[in-house]
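Worksheet for the structure shown next.
For ligands, and for the atoms within them, numbers begin at 1 and follow the listed sequence.
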Amino acid sequence: MNLTPEPLAYELSRPGRMGTVLPACDVPETALPKNLLRAELSLPELDELTVVRHFTRLSQKNFAIDTQYYPLGSCTMKYNPKANEQAAFHPGWRNAHPLAGDAHNQGALELMYRLQDSLAATGGFSAVSLQPAAGAHGELAGVLMIREYHRSRGQPQRRTMLIPDSAHGTNPATCAMAGLDVVTIPSDAEGGVDMDALRAACDDTVAGIMITNPSTLGLFERNMEAIAKLVHDAGGLVYGDGANMNAIAGIVLPVELGVDVMHYNLHKTFSTPHGGGGPGVGMVGAAPVLAPFLPGPVVVKKGDAYAFEMPAKSIGRLKSFYGNFGVLVRAYAYVRMMGADGMRRMAENAVLNANYLKHRVEKTYKVKYPRRCMHEFVAMGDVAEGIRTLDIAKRLIDYGFHPPTIYFPLIVPEAMMIEPTETESKETLDAFAEALERIAAEARTEPDLLHDAPHNTPVGRLDEVAAARCPILCYRG
Ligand SMILES: *Cc1c(COP(=O)(O)O)cnc(C)c1O
């Protein structure tokens, strides 16, 4: 157990030490322009082996799905097959140049076209756009589409978005970004949308509802069709947040539940990892009423050739060139590998794993809404006097597990949102449940073990606000 923080490359530096030997100069030497030279440029001086060890050690401090279990609620940190990585790194894709022209990139366009088709079928949508680069970006696209729809019908006063309080945090944020007014709809005792509150909020200022289904409570909205009908009857449209498609793909078509527009996170469900700040795709699917408003261009087929085309009333471009193309290749490889049956098994296993884990965890921890869950569930960390969810989360790191999402959703006090994902074995789920059980026992007998956790990381509890607001981004040795 090494508790000393890793030295910085600068601190390992020794004057004159080098990792490279430059060949003898075989051209005449000329002075560099003065304005490009700095007298004091403190770069670390290191030999190659020290550099290799330094960066390899740093890389091992990362917490990764390839090393440990990562049940981070709502983020779907599942295992993504390496074969799909390999596909994305094929030189034909990797080296394709966006300015080569559509005639030379027919293969890339064909892949996008086929992917559009498969993903549209997964949701029952008539058209999709692969443009948005993230889930929240897809939400923004959808909300702008709804706004344009109302404007095009001469109803610009429809500016209210109804958002259940069990929605993902990005939902109200994107509505606000699109200049709409957010009205929060409370949940009922069962964790579903309070239908009376919804009915009361449906007036002629309603642009639509934005609903996360399954919700952040991990619950399927049982009244989804009735909710869609209420909103449609009031002249509004339904935005479905489909970031967690791994709970329902192959089982239910969102369009049949009344959803008019929805994003899916290819960087959750479709084989690109979520989190870590990498590129993503928050593809949007639309029912016929909204399809003409999709962001573009989208790929169409004309005779034997593929081409980009703007949908008729498009809200415009959201991403340059082909978007995050590598993510599209992974998604296409994944969809082809899984097929329709595989997609359904993915969802069934996500739900089965979550219910299995919930069944074990709820013997020790409270679960606010104990009915059958979808791909995740929300437990509560207040297992003993003076113990908070933060303490449980930090102690899990000592046991080698990534903590679940904590303090979200906001409507559950001391929330621990646990998403086991479909790719984990029963052994891993059992080991995680055992760790939670042992931590609950420690909470009663040795609470300081929890208060002082984590014990084996270079840094323990961070001031997260200061880290976000006042980051130190360069060396101040
Ligand atoms: C992850 C997630 C989002 C946002 O996706 P990003 O790609 O992180 O922007 C939106 N809604 C739900 C329900 C999610 O789980």
Carboxylate-amine/guanidinium proximity below 4.0 Å for Lys82 and Glu85: no

Please confirm whether the backbone N or O of Arg388 pairs with a side-chain atom of Asp391, one donor and one acceptor, at under 3.5 Å? yes

Atoms in ligand 1 with a heavy atom of Ser74 nearer than 4.0 Å: 1 (C), 14 (C), 15 (O)

Can you confirm whether the side chains of Thr184 and Asp165 place a donor and an acceptor under 3.5 Å from each other? no

Basic-acidic side-chain contact under 4.0 Å: Glu110, Arg114: yes

Under 4.0 Å between heavy atoms, the region of Asn265 that gets near ligand 1 turns out to be side chain

Under 3.5 Å between any N/O of Thr212 and any N/O of ligand 1: does that happen in this structure? no

The closest protein heavy-atom partner of atom 2 (C) of ligand 1 is Lys268 NZ, 2.4 Å

Identity of the nearest option to atom 8 (O) of ligand 1, non-hydrogen atoms only, from Glu139, His274, His267: His274

Atoms in ligand 1 flagged as close to Ala134, the criterion being non-hydrogen separation under 4.0 Å: 7 (O), 9 (O)

Can you tell me if Asn246 uses its side chain to pair, donor with acceptor, with the backbone of Thr269 under 3.5 Å? no

Answer with side chain, backbone, both or neither: which part of Asn244 has a heavy atom less than 4.0 angstrom from an atom of ligand 1? side chain

side-chain hydrogen bond (donor to acceptor under 3.5 Å, both in side chains) partners of residues 249-263, not counting sequence neighbours, each pair once: His232-Asp260, Tyr239-His263, Asp241-His263, His263-Asn265

Report yes or no: does Glu414 contribute a side-chain atom to a donor-acceptor pair with the main-chain N or O of Met380 at less than 3.5 Å? no

of all protein heavy atoms, closest to atom 11 (N) of ligand 1 is Asp241 OD2, 2.6 Å

Taking non-hydrogen atoms only, is Ala136 closer than 4.0 angstrom to ligand 1 via side chain, backbone, both or neither? both

Considering heavy atoms of the protein only, find what lies nearest to atom 6 (P) of ligand 1 and give residue, atom and distance to 0.1 Å. Gly135 N, 3.4 Å

